[in-house]
Amino acid sequence: MGNSALKAHLETAQKTGVFQLTGKGLTEFPEDLQKLTSNLRTIDLSNNKIEFLPPLIGKFSFLKSLALNNNKLTALPEELCKLKKLETLHLNGNHLRQLPAAFGQLSALKTLSLSGNQLRTVPTQLSGLRHLDVVDLSKNQIQNVPDTVGELQAIELNLNQNQISQISVQISHCPRLKVLRLEENCLELSMLPQSILSDSQISLLAVEGNLFEIKKLRELEGYDKYMERFTATKKKFA
């Protein structure tokens, strides 16, 4: 892409606060964007070939939304964690194995999408985020869900298409968790904590495609309680 095209995009972004440049084969984060650190509210560089994010990402202090879906990121810089106004972060379809240690400092974060990466566990850093609504960790390589998940503030947690065979019973203590998606994993029925049914806020549990028949779920103690929550929620949305 030529400089004049980039310049035009930069001029538009200066007025609108939105910089969107998708599917252009970019191999790196456009350095010229640093001229707009105080303007930009939204950056979308999805469907490119960007391999790493430079530390200057931390200077976009007004950024609310960052999308880098379908790039070639293998790691994220610690500087990303300085974005105190960031509410939406989309990083689907990259090669991320972990999140920066300071990720819990993204205090405004509401939506986090990490589908199609190489995570092996639910990142413990997520437990520090108080405003999280939706976390998408589907299509990773997660094998177990650790005790720290009990502090997760999310309303919806998507763990579809992983390799999960163990889930901490702490998941039933999540204060706001209403939707838990666990489709196409490696769960035996005995490994599904019954407290999810009998003693949690969860009103939609999706577990198709595991190592048990769905009808067996109905025989578990607590299933009636779960169905009460499920039905009450359905009525709300109907």
Side-chain angles (χ1 to χ4, degrees), residues 52-53 55 57-58 63 65-69 73-187 191-196 199-202 205-207 210:
F52 71 98
L53 264 184
I57 191 68
L63 202 62
S65 173
L66 177 60
L68 286 152
N69 296 327
L73 299 171
T74 53
L76 300 169
E78 289 287 341
E79 287 80 1
L80 177 70
C81 309
K82 293 178 179 172
L83 301 179
K84 296 285 188 251
K85 288 190 166 25
L86 195 68
E87 294 178 6
T88 309
L89 181 58
H90 291 293
L91 294 162
N92 301 327
N94 280 282
H95 308 292
L96 300 169
R97 290 165 186 259
Q98 57 190 36
L99 297 179
F103 198 82
Q105 291 174 15
L106 289 171
S107 48
L109 202 61
K110 291 180 182 175
T111 303
L112 175 63
S113 301
L114 286 160
S115 180
N117 278 281
Q118 294 170 17
L119 299 172
R120 291 182 175 268
T121 184
V122 176
T124 54
Q125 297 94 314
L126 301 186
S127 302
L129 297 167
R130 293 282 165 245
H131 298 287
L132 264 190
D133 289 336
V134 180
V135 180
D136 185 354
L137 299 172
S138 61
K139 299 181 185 170
N140 276 279
Q141 296 161 15
I142 298 169
Q143 293 172 3
N144 66 3
V145 180
D147 289 347
T148 48
V149 76
E151 293 162 40
L152 189 70
Q153 298 285 327
I155 296 168
E156 176 171 343
L157 176 59
N158 185 342
L159 291 163
N160 289 348
Q161 290 176 281
N162 277 283
Q163 298 152 22
I164 296 166
S165 59
Q166 286 185 309
I167 299 180
S168 166
V169 69
Q170 296 295 328
I171 199 162
S172 49
H173 296 163
C174 289
R176 300 166 70 216
L177 192 62
K178 297 274 194 281
V179 178
L180 177 59
R181 302 186 188 280
L182 286 161
E183 294 180 17
E184 294 179 53
N185 275 285
C186 309
L187 282 167
M191 286 293 162
L192 191 71
Q194 291 200 6
S195 55
I196 289 178
D199 192 27
S200 78
Q201 303 285 325
I202 295 164
L205 176 65
V207 286
N210 279 280

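Since the model is a prediction, treat every value here as computed from it, not as a measurement. Heavy-atom basis, side chains included; hydrogens, waters and symmetry copies ignored.
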Student: Identify the residue among Leu132, Val134, Val149, Val179 that makes a side chain to side chain contact (heavy atoms under 4.5 Å, CB included) with Leu157.
Tutor: Val149

Student: Should Leu83 and Leu89 be marked as a side-chain contact (heavy atoms from CB on, under 4.5 Å) after you check the CA-CA gap, both sets of side-chain angles, and the distance that decides it?
Tutor: CA-CA 11 Å; Leu83 301 179; Leu89 181 58; over 6 Å; no

Student: Go through Leu112 and Leu106 one step at a time and tell me if the side-chain contact (heavy atoms from CB on, under 4.5 Å) criterion holds.
Tutor: CA-CA 11 Å; Leu112 175 63; Leu106 289 171; over 6 Å; no

Student: Between Pro100 and Cys81, is any pair of side-chain heavy atoms under 4.5 Å apart?
Tutor: yes

Student: Check Arg176 against Gln153 and note the closest heavy-atom contact, atom names and distance.
Tutor: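 Smallest interatomic distance, heavy atoms only, reads NH1-O, 2.8 Å.
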
Student: For residues Leu159 and Ile167, determine if any side-chain heavy atom of one lies less than 4.5 Å from a side-chain heavy atom of the other.
Tutor: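 Not in contact.
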
Student: How far does CD of Gln98 sit from OG1 of Thr74, to the nearest 0.5 angstrom?
Tutor: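 Spacing of CD (Gln98) from OG1 (Thr74) equals 10.0 Å.
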
Student: Is it true that His90 and Ser113 share a donor-acceptor pair across their side chains at a distance under 3.5 Å?
Tutor: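 Yes.
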
Student: Identify the two heavy atoms, one from Leu152 and one from Pro175, that lie closest to each other, and give their separation to 0.1 Å.
Tutor: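 So the two residues come closest at O-CD, 3.6 Å.
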
Student: Minimum heavy-atom separation for Cys186 and Asn210, please, with both atom names.
Tutor: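 The pair with the smallest heavy-atom distance is N-OD1, 3.4 Å.
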
Student: Of the non-hydrogen atoms in Ser172 and Ser195, which two are nearest, and what is the gap between them?
Tutor: OG-OG, 2.8 Å

Student: So which heavy atom on Ser65 is nearest to which on Leu86, and how close?
Tutor: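 So the minimum-distance heavy-atom pair works out to N-CD1, 3.7 Å.
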
Student: Hey, is the main chain of Asn69 close enough, under 3.5 Å, to the side chain of Asn92 for a donor-acceptor pair?
Tutor: no

Student: Can you tell me how far apart OG (Ser200) and CD1 (Ile171) are? Round to the nearest 0.5 Å.
Tutor: 9.0 Å

Student: For Asn160 and Glu183, indicate whether the former's side chain and the latter's backbone hold a donor-acceptor pair under 3.5 Å.
Tutor: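 Side chain of Asn160 to backbone of Glu183: a pair is present.
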
Student: In a table with atom names and distances, give each donor-acceptor pair under 3.5 Å that connects a side chain of residues 136-146 to protein atoms at least two apart or in another chain.
Tutor:
from   : atom 1 : to     : atom 2 : distance (Å)
Asp136 : OD1    : Ser138 : N      : 2.9
Asp136 : OD1    : Ser138 : OG     : 2.7
Ser138 : OG     : Ser115 : OG     : 2.8
Asn140 : OD1    : Asn117 : N      : 3.2
Asn140 : OD1    : Gln118 : N      : 3.2
Asn140 : OD1    : Leu119 : N      : 3.0
Asn140 : ND2    : Leu114 : O      : 2.9
Asn140 : ND2    : Leu137 : O      : 3.1
Asn140 : ND2    : Ser138 : O      : 3.2
Gln141 : OE1    : Arg120 : NH2    : 3.4

Student: Quick one: closest heavy-atom pair of Gln170 and Asp147, and the distance?
Tutor: CB-O, 3.4 Å

Student: I'd like to know whether Val122 forms a side-chain contact (heavy atoms from CB on, under 4.5 Å) with Val135, so could you lay out the CA-CA distance, the side-chain angles of the two residues, the decisive distance to 0.1 Å, and finally the verdict.
Tutor: CA-CA 10 Å; Val122 176; Val135 180; over 6 Å; no

Student: Can Thr148 and Thr124 be counted as having a side-chain donor-acceptor contact under 3.5 angstrom?
Tutor: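 No pair is found: no donor N or O on one side chain lies under 3.5 Å from an acceptor on the other.
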
Student: To the nearest 0.5 Å, what is the distance between CD on Gln201 and NZ on Lys178?
Tutor: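 Here the interatomic distance stands at 5.0 Å.
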
Student: Is there a donor-acceptor pair under 3.5 Å between the side chain of Asp133 and the backbone N or O of Thr111?
Tutor: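 A pair under 3.5 Å: no.
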
Student: Which value, rounded to the nearest 0.5 Å, describes the distance between Leu80 atom CG and Gln105 atom CD?
Tutor: 11.0 Å

